[in-house]
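When a ligand or atom number is given, it counts from 1 through the structure's own listing order. Heads up: numbering here begins at 1 and tracks the sequence. All values reported here derive from a predicted model rather than from experimental measurement. Worth knowing before you read on, the calculation uses all heavy atoms, side chains too, and leaves out hydrogens, waters and symmetry mates.
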Amino acid sequence: MDPVSNPYAPGAGRPPAALVGREAQLTAWDVALRRVQAGRDAQSVVLYGLRGVGKTVLLSRFARLARERGWIAAQVEGRTGASLRDGVGEALHDDLVDLARPGVGKRVLKALRTALSFKASYDAAGTWTFGVDLNDADGGGADTGVFESDLGKLLRDLAGAAEDRGVGVAVLVDEAQDLPFDELIALCSIVHAANQRQDRLVLALAGLPSLPRKLAEAKSYAERLFSYHEVGPLADEDAAAALTSPAESEGVGWETSAVSLIVEAAVGYPYFLQQFGQDTWSVAGGSPVTQQDAQLGIAAGQLALDNGFFRIRWDRATAAEKDYLRAMAVDGDAGSSSGDIAARLGKKSRALGPVRANLIAKGLVYSPAYGVVAYTVPAMAEFVRRQRE
Ligand SMILES: Nc1ncnc2c1ncn2[C@@H]1O[C@H](COP(=O)(O)OP(=O)(O)O)[C@@H](O)[C@H]1O
Ligand SMILES: [Mg+2]
């Protein structure tokens, strides 16, 4: 069928035509926004799960929901090497410009002035012009160089400005497992203090399944600070809806047996559903999509995943790292003990420490528990087993 109207969207962060099966997470976020807007404290939200389950698109939906309420929202990605200070500062720029209207109140002016000092703290050459006179405004001082107090000051003043306008401030951090420890600690402290003051601030963090443990290590009270939501494989009905509902909007139906085939092949993983859906659409002659279309689509989709989704990760590994990944594959996707891997490779566990650390830094594996490693993408074990050399 027409590739122009193909409604499926495989790809990191690509918004699906139908975002299904995430009602619990969306409700938690909605409650947080409404509580904050009602002047109450709210639990910030943590989303965790493997790659390809839909954390990024959910986080983007969170940001959109906040913006639809007129909130100030900053969405950033925790990347190794980049600092959260720059990330948050730059992500706020457009909303700050929108805030700066003639005749705004003192608290808005104060927030703008503080934002200027925050900008100066990481960008000595650049500056922002808001087109309003800030000479007599309070604020500033978010440039001490101490991340926790600078960001805390910025968000506190912004929350004050938001309160004046009956809205709130949302900060959304993707790939939060990659944040350096001091930044995780700072985020926890800032939300903790903001909750106690009932500041109009709420956070959403998304990351690999190791994120909840990292937060707990950063601050012991992190457990109470956030509501934790696993973003996992979709239930069969939801997976089916992810296929049929986008097609319906294009006036295309699916045979039930075709849907079942793909739901089974994708084992609930949104990325795989989008890939198989896209490839099945490509081979289908028209409506309804048949079982045979689905068979061909799945085969084409598997190939595309092998050459893309899995391949880009595999190619990032060195020879020694590939050996390590192969030794893990024996255990399937469930995870492996470092000791077992070492035994299989005929090495001492400690000698493999650097290999393991590199694989974690590259985002290929994570540690679900002490002394255990697992692949960050679903169905990786099978792919690794298929790799020769
Ligand atoms: N709830 C969902 N329903 C249908 N498709 C989804 C859903 N969540 C994510 N997807 C699709 O899955 C793929 C991966 O989503 P992404 O947010 O990048 O995952 P993650 O950030 O967890 O790696 C994208 O192609 C996206 O369109
Ligand atoms: Mg993501």
Under the salt bridge (charged side-chain N to carboxylate O under 4.0 Å, His left out) criterion, do Arg35 and Asp41 qualify, and how do the steps go? CA-CA 6 Å; Arg35 282 188 64 90; Asp41 66 329; 3.2 Å; yes
Pair Arg326-Asp323, salt bridge (charged side-chain N to carboxylate O under 4.0 Å, His left out): steps then yes or no: CA-CA 5 Å; Arg326 278 206 190 82; Asp323 288 342; 3.5 Å; yes
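For atom 24 (C) of ligand 1, the closest non-hydrogen atom of the protein is Gly11 O, 3.2 Å. For atom 18 (O) of ligand 1, the closest heavy atom belonging to the protein is Gly13 N, 2.6 Å. Of the protein's non-hydrogen atoms, Val20 O, 2.9 Å is the one closest to atom 1 (N) of ligand 1. Counting only heavy atoms of the protein, atom 15 (O) of ligand 1 lies nearest to Gly54 CA, 3.6 Å. What sits closest to atom 25 (O) of ligand 1 on the protein, heavy atoms only, is Ala9 O, 2.5 Å. What sits closest to atom 17 (O) of ligand 1 on the protein, heavy atoms only, is Val57 N, 2.9 Å. The closest protein non-hydrogen atom to atom 27 (O) of ligand 1 is Arg14 O, 2.5 Å.
Distances below 4.0 Å separate heavy atoms of Arg22 from the following atoms of ligand 1: 1 (N). Taking every heavy atom of Ala12 and a limit of under 4.0 angstrom, the matching atoms of ligand 1 come to 18 (O). Listed by number with element, the atoms of ligand 1 under 4.0 Å from a non-hydrogen atom of Arg51 are 23 (O).
Using a 4.0 Å cutoff on heavy atoms, Gly49 does not count as a contact of ligand 1. Gly21 does not count as a contact of ligand 1, since none of its heavy atoms falls under 4.0 Å from the ligand. Heavy-atom separations between Leu50 and ligand 1 include at least one value shorter than 4.0 Å.
Of the heavy atoms in Gln274, only side-chain atoms (C-beta onward) come closer than 4.0 Å to ligand 1.
Annotation: cation-pi geometry satisfied between Arg313 and Phe309 (NZ/CZ under 6.0 angstrom from ring centroid, within 45° of ring axis).
Residue contacts with ligand 1: Gly52 is placed with a nitrogen or oxygen under 3.5 Å of a nitrogen or oxygen of the ligand (distance criterion only).
In this structure, Arg113 contributes its side chain and Asp136 its backbone to no donor-acceptor pair below 3.5 Å.
Atom CZ of Phe181 sits in a crowded spot, with more than 12 heavy atoms from other residues, nucleotides or ligands closer than 6.0 Å. A 6.0 Å sphere centred on CZ of Arg386 holds more than 12 heavy atoms belonging to other residues, nucleotides or ligands.
Using a 4.0 Å cut-off between charged nitrogen and carboxylate oxygen, Asp94 and Arg67 do not count as a salt-bridge pair.
No donor-acceptor contact under 3.5 angstrom links the side chains of Asp293 and Thr280, judged on distance only. Of the N and O atoms on the side chains of Gln275 and Tyr269, not one donor lies less than 3.5 Å from an acceptor on the other residue.
For atom 7 (C) of ligand 1, the candidate residues are Ala241, Pro270, Pro246, Ala18; the nearest heavy-atom contact is made by Pro270.
Nearest heavy-atom pair across Ala161 and Ala111 is CB-CB, 3.8 Å.
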